[in-house]
Amino acid sequence: MAKILNLFTNKKSEFELRLKRIKDGDKEERELIISEYTPFIIKTITNVTNRYIETENDDEYSVGLYAFNEAIDKYEFNKGNFLSFAKLVIKNRVIDYLRKAASSKKTVLFSDAGESSEEVLDPRDNEDFTYNYDMRDQILELQSRLKQFGIYIDELVERSPKHVDTRLNSIKIARYIIQDKELKTDFYRKRAIPVNKLADRKGVSQKVLKRNRKFIIATAVIFDSNMDLLKNYINEVERRD
Amino acid sequence: MIYKGTIVKEERTHLVVFTNSCEYIKLKKKGKTQLGKEILFIQDDIITGINNRIYSFHKIAAVLIFLIITTAVMGGLNLGYFGLNSVYAVVSLDINPSIEFKINEDSIVEEVNAKNQDGKEIIVSEMIGIKIEDAICIGINNAIDKRYLTEDNDTVLISEAKLKNDSDIEFHLEKEVVKKMEENPSAYDIKLVYVNSNKKSLKEAEKNNISVGKYELYKMVSNDNENVTVEEIKNMNVTQILNKNKNVIKVKEIRKGNLNKDNVKEKNEKDNNNKDIDDFDKGNKGNKDEDKSKSQNGNNKDNTAQNNDDKTKVVNSNKNNNKNNNKDNNKDNNKSEERSNGNNSKKGIENNENQQDKKKDDNIKNNGNDNKNNQSQKENDNKKRNQQEQEQEQEQEQEQEQEQEQEQEQEQEQEQEQEQEQEQEQEQEQEQEQGNTDKNKENNNKNKGNNNKNDNNKEESGEKGKSSEKKGNN
């Protein structure tokens, strides 16, 4: 029993120790804690806004981060749990931000800490809508193209290789298909992976092709599109390794 | 950790994103989402099949446990219910149709069966779970609707057989039924025959596949006429049985149709006067019931009631006016008589308080009766009171029972004025039939003896009584 209590107190005291160090001026620790708790911050923000945060450039995201920072500074050890306090600060700041942003737009709806079920109109909605429609169109096109190959995106969720390495391999294969003219024409004509030729030319086993067939096709289609964002993802993954 | 991804598909229940690690992942839907938008999300937002499964498992487990518990509780309750309140008595209702109710200690109908084909016609499911007197009323109403009760065939037989001897609570079925019937605005003048029965008769009745009420009738009739068989009784309807054996069976008539001026008037008067008493009696019903429960045979009570009627005849010529007073007289007489009989009803020691209270009630009652009747009756009343006070201690035990009888009789008699004589005659005879011949004879004899005594006492006490009466009233 005593041990368990010790565990609890240890955790708490450990955290408190860190906070103390930050308050004393330890900047590294501050960065560390912030990055550790970013998911927590995001969760709190989305609870208030009821939306997904879009990219790190989002205002609300920075507001949240700033609020967390503020909480660290303002926290006093005897005033209870730090995380609850931080949550409170973040919520308040985000709500304030939303009010401000909304007041400068025509229509105003915002959900107050999840109490009302009203949707929060994104203040940024009105700005980039052309861009958004572009993206949307592109994705729709992707969907339809995949459909031609007999692939639905939901399937991809289940059929995608779980392991990074497999994915990388599949990506490589997809690239081959698109970059090689002959393979590419075969690919589009047959609506399928040119298995034999691939096996001959690149030494890819049939087994691999079979198992990851859908993923490969999807990736290939993405390569052959103008969806930079997605292409960037792919490149990013490759770059990482 | 934080994930980044682009929304590539939007479904009703989820989103699909293509992540920056080239995975296709399902996410929870949040707010307004647009295809092609890049979003940040965390582990919590991901919808995984595994979580769902565990969740449902818990749900299912919870539901199962809940079901098990509720069924156990229900089972337990049922068991307990049956254990505590198993069938307490069997009540039969016969006209032509013959049905039997099984009731519990709270007089709630637990089961009802038809004893003959016609019986099935008047049984309805609503009978179960309600008080017996209500169920009987439903049965009678159904019988009227289905023309089992007509002007020619208008007698209903009700019988009650208690299965448990240890009854703390005992309600007077007959009285309750009559009460309910009076409230029922039916057109017919229905005659009611009530017989008390017991476990033994019930068994015999079941052997013969006949209702317990009819079996009791059979007993009565066969005492008089040895040639009658069970089958005959079974096949005859109650009216027929009674018509054939008028001398044997006592009938109490419920004059529903005659809930008109006379009866209403009297009833109102009586009610106003006896309101307090009624309320008080209700409160003390438990005690009275204790008394009755200790009686071996409800017939004894009936006997005393009948004896009262006898005395009515004997003592006073002016029956109608003196009805109630006579009852008082007779009851006073009965008190001594019963006492001398060594208590047919095995009464225990009563609370003194109750006894005193009831004495007061008796006095109030008597006063009330005065208002109704001629002043010449007052002397009788006074003398009655004298008697009461003289035999005060000894009478205490018996007052309770008789009060209730008095009430009951008062209720019934309002409607039975004209037939009182007949009833009395029948009662006498019925007493003999009910197998308490010896005791009844004793009762009769002693009634007569006591009547003499009373007459003497009345003459003697005179004013003395009045003064002591005043004391008593105070």
Side-chain angles (χ1 to χ4, degrees), chain A residues 35 38-43 45-46 49-56 58 61 111 119-122 125 128-129 131-140 142-143 146 152-162 164 167-168 170-171 215 218-219 222 227 229-230 232-234 236-238 240, chain B residues 1-70:
Chain A
S35 60
T38 310
F40 166 77
I41 298 169
I42 291 175
K43 190 172 186 181
I45 296 172
T46 51
T49 63
N50 270 335
R51 298 190 333 236
Y52 282 110
I53 298 175
E54 298 173 16
T55 77
E56 291 100 332
D58 248 7
Y61 183 67
S111 83
E119 246 179 83
V120 184
L121 275 188
D122 189 349
D125 275 352
D128 306 11
F129 68 89
Y131 174 73
N132 292 336
Y133 278 127
D134 263 351
M135 280 299 294
R136 196 165 161 270
D137 287 341
Q138 286 178 12
I139 302 269
L140 285 174
L142 172 67
Q143 282 182 15
L146 287 175
Y152 295 92
I153 293 191
D154 273 339
E155 291 176 308
L156 288 172
V157 177
E158 273 115 48
R159 293 302 195 88
S160 305
K162 301 296 173 190
V164 189
R167 283 204 293 275
L168 286 173
S170 311
I171 290 167
F215 183 76
T219 318
I222 292 173
M227 280 178 284
L229 197 57
L230 300 184
N232 282 338
Y233 284 167
I234 301 173
E236 205 179 303
V237 170
E238 286 185 306
R240 268 191 234 158
Chain B
M1 60 171 283
I2 310 169
Y3 301 86
K4 208 197 286 187
T6 305
I7 302 172
V8 293
K9 187 92 196 287
E10 211 175 319
E11 292 280 2
R12 194 171 52 84
T13 55
H14 61 268
L15 307 171
V16 180
V17 293
F18 185 66
T19 68
N20 53 357
S21 52
C22 286
E23 277 179 289
Y24 295 89
I25 297 184
K26 275 188 190 171
L27 292 186
K28 298 178 192 172
K29 245 193 156 177
K30 260 188 200 172
K32 219 173 62 167
T33 49
Q34 268 197 352
L35 285 184
K37 274 262 172 82
E38 193 184 15
I39 58 171
L40 294 178
F41 59 94
I42 53 177
Q43 183 72 33
D44 281 352
D45 298 323
I46 299 175
I47 301 174
T48 62
I50 304 169
N51 285 341
N52 290 340
R53 269 183 239 135
I54 290 177
Y55 180 64
S56 356
F57 170 74
H58 284 148
K59 245 194 196 168
I60 291 170
V63 169
L64 281 175
I65 291 171
F66 175 71
L67 283 175
I68 292 169
I69 290 174
T70 45

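Quick caveat, the model's predicted, so the values are computed rather than measured. By convention in this document, chain letters (A, B, ...) are assigned in the order of the sequence lines, proteins followed by strands, and residues within each chain are numbered from 1. Note that these values count all heavy atoms, side chains included, but never hydrogens, waters or copies made by symmetry.
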Please classify the contact between [X] and chain A as side chain, backbone, both or neither, with a heavy-atom cut-off of under 4.5 Å.
{"X": "B/Glu11", "answer": "side chain"}
{"X": "B/Asp44", "answer": "side chain"}
{"X": "B/Val16", "answer": "side chain"}

Heavy-atom contact with chain B under 4.5 Å, split by part of [X]:
{"X": "A/Ser35", "value": "neither"}
{"X": "A/Tyr61", "value": "side chain"}
{"X": "A/Gln143", "value": "side chain"}

Open item on the list: Counting heavy-atom pairs under 4.5 Å with chain B, which one of A/Leu142, A/Ile153, A/Leu140 comes out on top?
Closed with: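 Most heavy-atom pairs under 4.5 Å with chain B: A/Ile153.
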[atom1]-[atom2] distance between [X] and [Y], expressed to the nearest 0.5 angstrom:
{"X": "A/Ile42", "Y": "B/Asp45", "atom1": "CD1", "atom2": "CG", "answer": "9.0 Å"}
{"X": "B/Lys28", "Y": "A/Thr46", "atom1": "NZ", "atom2": "OG1", "answer": "9.5 Å"}
{"X": "B/Ser21", "Y": "A/Arg167", "atom1": "OG", "atom2": "CZ", "answer": "5.0 Å"}
{"X": "B/Cys22", "Y": "A/Ile222", "atom1": "SG", "atom2": "CD1", "answer": "7.5 Å"}
{"X": "B/Gln34", "Y": "A/Ile139", "atom1": "CD", "atom2": "CD1", "answer": "11.0 Å"}
{"X": "B/His14", "Y": "A/Asp154", "atom1": "NE2", "atom2": "CG", "answer": "4.0 Å"}

Task: Heavy-atom side-chain proximity of B/Glu10 to A/Arg136 below 4.5 angstrom - done: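 No, their side chains stay 4.5 Å or more apart.
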TODO: Would you mind reporting whether A/Leu230 and B/Thr6 have side-chain heavy atoms less than 4.5 Å apart?
DONE: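 Yes, close enough: below the 4.5 Å cut-off.
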- [ ] Could you point out which residue of B/Ile7, B/Leu40, B/Ile39, B/Thr33 forms a side chain to side chain contact (heavy atoms under 4.5 Å, CB included) with A/Glu54?
- [x]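 Result for side chain to side chain contact (heavy atoms under 4.5 Å, CB included) with A/Glu54: B/Ile39.
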Open item on the list: Are there over 12 heavy-atom neighbours, none belonging to B/Lys30, within less than 6.0 Å of that residue's NZ?
Closed with: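 Yes - once you tally the heavy atoms of other residues, nucleotides and ligands closer than 6.0 Å, there are more than 12.
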Open item on the list: What I want to check is whether the side chains of A/Tyr52 and B/Glu38 have a donor and an acceptor closer together than 3.5 Å.
Closed with: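 Distance-only check fails for A/Tyr52 and B/Glu38.
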Open item on the list: Below 30° counts as parallel, above 60° as perpendicular, anything between as tilted: where do the rings of B/Phe18 and A/Tyr233 land?
Closed with: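 The arrangement is tilted - the two ring planes meet at 30° to 60°.
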